[in-house]
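Computed from heavy atoms alone, side chains included, the values below leave out hydrogens, waters and symmetry copies.
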Amino acid sequence: MKAFPFKAYLSLSLSLTHTQYSRFLPLFSLVSMRRILLFLLLLAHLGELGAEDRLLNPSKLEMFVDELPDMPKIQGFRMLNTSPKPKSLMIGMFKKKWKFHRDLPPTPVFAYGASRRGATVPGPTIEALQGIDTYVTWKNFLPSKHILPWDPTIPTAIPATKTGIPTVVHLHGGMHEPANDGNANSWFTAGFKEKGPDWSKRTYRYNNNQQPGSLWYHDHAMGLTRVNLLAGLIGAYVIRHPEVEGPLELPHGEEFDRPLIVFDRSFRKDGSIYMNSTGNNPSIHPQWQPEYFGDLIIVNGKAWPKMTVRRRKYRLRIVNASNARFFRLFFTNGLEFIHVASDSTYLVEPVVTNETLLAPSEIADVVVDFSKSKTDEAVLANDAPYPYPSGDPVNELNGRVMKFTIKKEREVDTWRVPDKLIQYPSPDLSSATQTRYIAMYEYTSDTDEPTHLYINGKPYEAPATETPKAGTSEIWNVINLTEDNHPIHIHLAVFTVLDQTELVKAEEFKACMSKMNDAIKCQISKHARGKKLRVAAHEKGWKNVYKMTPGYVTRILVRFSYIHSNTSYSFDPTGMPGYVYHCHILDHEDNAMMRPLVVMK
């Protein structure tokens, strides 16, 4: 075939969109792949250089100039006379512009909201009542072209007609039927014109029968989770139980009970979100990189915001909604965190700390008593290396999160933190019906750059090997054979961390696992004998995410039932498409550190 001229390549490549890319694959297959790869590498390199020229220098932005927004609230129930009843909501996904900082031009984003005008980043906080159904019809109003680069060479939702942006919503921490869980293959495009292979319904039912606590919702489309969240598709969800929580007398009400959704972003000078367009292995994955880190720290949609508080207690539900960044949070003036819950579950008793480490998707539910402050200002700061735990140290920009200005006047504080919170069943190892070994692998190229990540050496598409029975508990030994800390999130279930044990002769064990992929045959009992890591007191309760330390075996007791009522679920968890568990570093999850989880009767 006649050679494709360089200018034609250039014109064609620059014009390709999210929805047009694979139309040209047959044409490309007829041309020398060597020439194409060389050209794409050159083009990507030139594009990356151009993008760097247009990058915003974040040090030019002044910190603490924007007020912390309180995101819109939507009640997930209605009142009939004095009784709460189920409610139906419509929440859309819209492309719009959002101001992340006073001096930054408006940014194109994807945002959740009841309308385009009212859509926000993060989206509205949904307030649900325990035991009252909330029905949400999630509608996709997004355009055909994505605002961020994406990579079709990793497992990705690509519509058959190549038009539209796939999305699907997962309620993180929720316990509900599989069809309502937001499976990665249950995606849909604008107007439900195209649907993924596991799509089944337009309206999700959240029955809210689980324990009260903090959750959050976000996009979960196959291979696009990292870019859809970067674009803005995140929001808070709170399940309240007044009869149980009221007697605790913790801070409540709009002024004193505040979700803080924290994440990092980089921007270009024109205000648009910056994401790399060149991968670390561009000849294998043209765009995918193993982690995304932004220069600016965003809280509730504003970069380094400020908040004026009174000298009394506040409840802060802090969600780490970053793609890959860990936050080790502390107050520069020595104020303490009083932990009352972790992820979506209350603790038995409060735990006081000077700092708290949050992996992506973890939630620290804390009370901060600003009456204890000896200063009139308190900066919430961060000192977690990135990637965690052995990456670069923070700088003046990503080491600051937000500032609290504390009023001078003293006042009577009507809130309290009781000595006892909510008692849930303690972990009972004798109840475990199965013991599993879950190994985490990272694979690299000849240049020692990551190419993909697997759990148990299997891609997502391989048949499910984790098939627990509803109403039972299992012990999972999670073996981290990589150099990264991976926050594992298990859909549907809650778990408690029992211990973390260092692997001895780790390279010998890793070599055996790479060959045999069988922890027992590789004599895990001989290698899991090193030093123990202490599980922090505020993380000893029931969680849905935990940090898997590199070179360690983390033993967890996973429970596939409610904990507040000590009963099995009020719904059938055994239907299709089932559930998943995965690393919540989104760049890892997308490629492809995620496995199916099928619950059996």
Side-chain angles (χ1 to χ4, degrees), residues 122 172-173 213-216 218 229 234-238 258-265 291-294 296-300 304-305 315-332 335-347 351-368 379-391 393-394 398-402 484-490 494-495 497 500 533-550 554 582-589:
H172 181 111
S214 303
L215 296 78
W216 65 296
H218 61 78
L229 266 72
I234 54 179
Y237 189 108
V238 179
R258 302 287 294 269
L260 301 182
I261 300 187
V262 187
F263 50 93
D264 56 340
R265 295 289 184 273
E291 287 97 13
Y292 173 92
F293 296 107
L296 284 70
I297 306 302
I298 315 293
V299 186
N300 287 7
W304 308 299
R315 183 174 184 174
L316 306 177
R317 303 170 188 258
I318 308 173
V319 181
N320 181 355
S322 299
N323 280 33
R325 184 181 293 278
F326 285 61
F327 289 101
R328 187 160 52 210
L329 301 172
F330 63 96
F331 284 103
T332 54
L335 277 173
E336 296 175 323
F337 300 101
I338 307 171
H339 295 261
V340 297
S342 180
D343 294 338
S344 58
T345 310
Y346 275 95
L347 300 174
V351 177
V352 179
T353 67
N354 291 316
E355 63 180 31
T356 184
L357 178 65
L358 281 182
S361 83
E362 282 192 300
I363 300 176
D365 194 339
V366 300
V367 171
V368 177
V379 173
L380 183 62
N382 161 52
D383 68 357
Y386 60 103
Y388 189 84
S390 56
V394 298
N398 53 45
R400 296 289 182 268
V401 178
M402 65 176 292
D484 293 327
N485 189 309
H486 297 284
I488 284 292
H489 172 48
I490 305 176
V494 290
F495 59 85
V497 184
Q500 288 193 301
L533 287 183
R534 180 181 64 87
V535 179
H538 65 279
E539 296 193 298
K540 288 184 177 180
W542 294 97
K543 292 176 60 65
N544 57 60
V545 183
Y546 193 69
K547 301 165 281 286
M548 303 298 155
T549 303
T554 302
H582 57 84
C583 173
H584 221 291
I585 293 176
L586 302 181
D587 315 273
H588 297 178
E589 173 188 342

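- With sequence neighbours excluded, the residues forming a side chain to side chain contact (heavy atoms under 4.5 Å, CB included) with T332 are F330, V379, A381, listed by chain and number.
- Of all the heavy atoms in G173 and L215, the pair that sits closest is C-CD2, 3.3 Å.
- T554 contributes atom OG1, which lies 5.0 Å from atom CE of M548 (distance to the nearest 0.5 angstrom).
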task: Kindly determine whether E539 and H339 satisfy side chain to side chain contact (heavy atoms under 4.5 Å, CB included), including the steps that lead there.
output: CA-CA 9 Å; E539 296 193 298; H339 295 261; over 6 Å; no

task: Could you give me the CA-CA distance, side-chain angles and deciding distance for N398 and F293, then say whether side chain to side chain contact (heavy atoms under 4.5 Å, CB included) is met?
output: CA-CA 10 Å; N398 53 45; F293 296 107; over 6 Å; no

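- Rounded to the nearest 0.5 Å, atoms CD1 (I234) and CD1 (I298) are 10.0 Å apart.
- Counting all heavy atoms, side chain and backbone alike, G294 lies closest to R325 at O-NH2, 2.9 Å.
- For V535 against Y546, the heavy-atom pair with the smallest separation is CG1-OH, 4.2 Å.
- A donor-acceptor contact closer than 3.5 angstrom is absent between the side chains of D264 and Y386.
- Across all non-hydrogen atoms, the minimal contact from N320 to P360 is ND2-N, 3.3 Å.
- S214 has its side chain out of reach of P259: every pair of non-hydrogen atoms, C-beta onward, lies at least 4.5 Å apart.
- Distance check, rounded to the nearest 0.5 Å: CZ of R328 to CG of D383 gives 4.5 Å.
- For the atom pair N300 CG and F263 CZ, the distance stands at 8.0 Å (nearest 0.5 Å).
- Looking only at distances, no side-chain donor or acceptor of N382 sits under 3.5 Å from a matching main-chain atom of G399.
- Here the side chains of P487 and F326 are in contact, with some heavy-atom distance below 4.5 Å.
- Under the side chain to side chain contact (heavy atoms under 4.5 Å, CB included) criterion, V238 pairs with T125, R240, R317, not counting sequence neighbours.
- Side-chain atoms of V366 and I338, non-hydrogen and from C-beta on, never get closer than 4.5 Å to each other.
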Given I297 and R400, is the side chain to side chain contact (heavy atoms under 4.5 Å, CB included) satisfied, shown in steps? CA-CA 7 Å; I297 306 302; R400 296 289 182 268; over 6 Å; no

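- Closest non-hydrogen pair, G391 versus P385, comes out as O-CB, 3.8 Å.
- Here the closest non-hydrogen pair linking H588 and D484 is CE1-OD2, 3.7 Å.
- Checking side-chain atoms of T353 against main-chain N and O of E355 turns up a donor-acceptor pair under 3.5 Å.
- Note that NE2 of H538 is 9.5 Å distant from CZ of F337, once rounded to the nearest 0.5 Å.
- Residues meeting the side chain to side chain contact (heavy atoms under 4.5 Å, CB included) test with S361, sequence neighbours left out: H172, W216, V545, H584.
- Side-chain contact between N323 and E291: absent, with no pair of heavy atoms (C-beta onward) separated by less than 4.5 Å.
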Inset, instruction - Carefully, step by step, assess H489 and N544 under the rule side chain to side chain contact (heavy atoms under 4.5 Å, CB included). - result: CA-CA 6 Å; H489 172 48; N544 57 60; 3.7 Å; yes

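- Considering OH of Y388 and CG of N485, their distance stands at 6.5 Å, rounded to 0.5 Å.
- Taking the side chain as every heavy atom from C-beta outward, F331 and L380 approach each other to under 4.5 Å.
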